[in-house]
Amino acid sequence: MVTNAPDALDALPDDVAAAAFRRLVRHLRHRHDAQNIDLMGLSGFCRNCLADWIRDAGFEGDKAAARELIHGMPMDEWKAAHQTPATEEQLARMEASVAKNRVE
């Protein structure tokens, strides 16, 4: 993954990008059936990654506050209501997927 190459995405107005981001987060809040482990296995990122990314972008809250913002509720509450135990297969898919994220 090349992260320092010119990208037309950078020309996207911030208000448009912000609206798309909010729509993505609201979509993930609605789709509780899309487990974080499955998102990680398919795409190499999940709701918790989004929380980390908003902190990296300057969100002043701590990790718990960032996760609550993304999940729409405290993390412990979300996990209790929506998270299912990960299978060995899901964990293996996640590991393989996350390995693709590494920039060398």
Side-chain angles (χ1 to χ4, degrees):
M1 167 179 16
V2 178
T3 58
N4 59 353
D7 188 336
L9 187 59
D10 294 330
L12 188 65
D14 286 347
D15 61 327
V16 174
F21 172 78
R22 288 183 182 104
R23 186 173 180 179
L24 169 64
V25 170
R26 288 183 178 114
H27 180 76
L28 290 172
R29 285 180 181 175
H30 173 71
R31 289 297 307 269
H32 299 159
D33 60 313
Q35 294 288 301
N36 279 343
I37 191 79
D38 292 325
L39 293 170
M40 289 295 291
L42 179 63
S43 62
F45 87 100
C46 68
R47 293 168 182 86
N48 297 335
C49 297
L50 289 174
D52 291 343
W53 297 346
I54 64 170
R55 291 184 70 217
D56 291 346
F59 177 71
E60 294 183 6
D62 63 9
K63 182 184 270 191
R67 287 183 174 187
E68 183 171 342
L69 181 69
I70 297 299
H71 288 83
M73 63 185 72
M75 185 67 188
D76 290 340
E77 184 180 325
W78 189 89
K79 285 172 76 172
H82 305 293
Q83 186 168 306
T84 59
T87 66
E88 291 299 321
E89 183 180 315
Q90 287 172 312
L91 291 169
R93 249 192 332 265
M94 180 189 72
E95 276 188 37
S97 181
V98 170
K100 293 178 184 179
N101 290 356
R102 294 190 182 96
V103 178
E104 297 178 17

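Residues: numbered from 1 along the sequence shown.
Residue Ile54 holds its CD1 atom at 11.0 Å from CZ of Arg67, rounded to the nearest 0.5 Å. The distance from the NE2 atom of His71 to the CG atom of Leu28 is 9.0 Å, given to the nearest 0.5 Å. Summarising the geometry, atom CD belonging to Gln90 is positioned 10.0 Å from atom CD belonging to Glu88; distances are rounded to the nearest 0.5 Å. The CG atom of Leu42 sits 14.0 Å away from the CD atom of Gln35 when rounded to the nearest 0.5 Å. The OG1 atom of Thr84 sits 9.0 Å away from the CD1 atom of Ile37 when rounded to the nearest 0.5 Å.
Within 6.0 Å of CG on Asp14 lie no more than 12 heavy atoms contributed by other residues, nucleotides or ligands. Taking a 6.0 Å sphere around CD of Gln83, one finds it holds more than 12 heavy atoms contributed by other residues, nucleotides or ligands.
Hydrophobic clustering (ILVMFWY, side-chain heavy atoms < 4.5 Å, transitive): Val98 and Trp53 are in distinct clusters. By the criterion of side-chain heavy atoms lying less than 4.5 angstrom apart, applied directly or through intervening Ile, Leu, Val, Met, Phe, Trp or Tyr residues, Leu50 is grouped together with Phe59 in one hydrophobic cluster. Hydrophobic clustering of Ile, Leu, Val, Met, Phe, Trp and Tyr side chains at less than 4.5 Å, counting indirect connections, unites Leu39 with Leu69. Val16 and Phe21 are assigned to two separate hydrophobic clusters, defined by single-linkage of ILVMFWY side chains at heavy-atom distances under 4.5 Å.
Without hydrogens or angle criteria, His82 side chain to Trp78 main chain gives no donor-acceptor distance under 3.5 Å. The closest donor-acceptor contact from the side chain of Arg29 to the backbone of Ile70 lies under 3.5 Å. In this structure, the side chain of Glu77 does not engage the main chain of Pro74 through any donor-acceptor pair within 3.5 Å.
Of all heavy-atom pairs between Gly44 and Cys49, the closest is O-SG, 4.5 Å.
Remark: Asn36 pairs with Arg47 by the side-chain hydrogen bond (donor to acceptor under 3.5 Å, both in side chains) rule, at least two apart or across chains.
Arg93 places a side-chain heavy atom less than 4.5 Å from the side chain of Asp38. Put simply, the side chain of Lys79 reaches to within 4.5 Å of the side chain of Met75, judged on heavy atoms. The shortest distance between side-chain heavy atoms of Phe45 and Asn101 does not fall below 4.5 Å.
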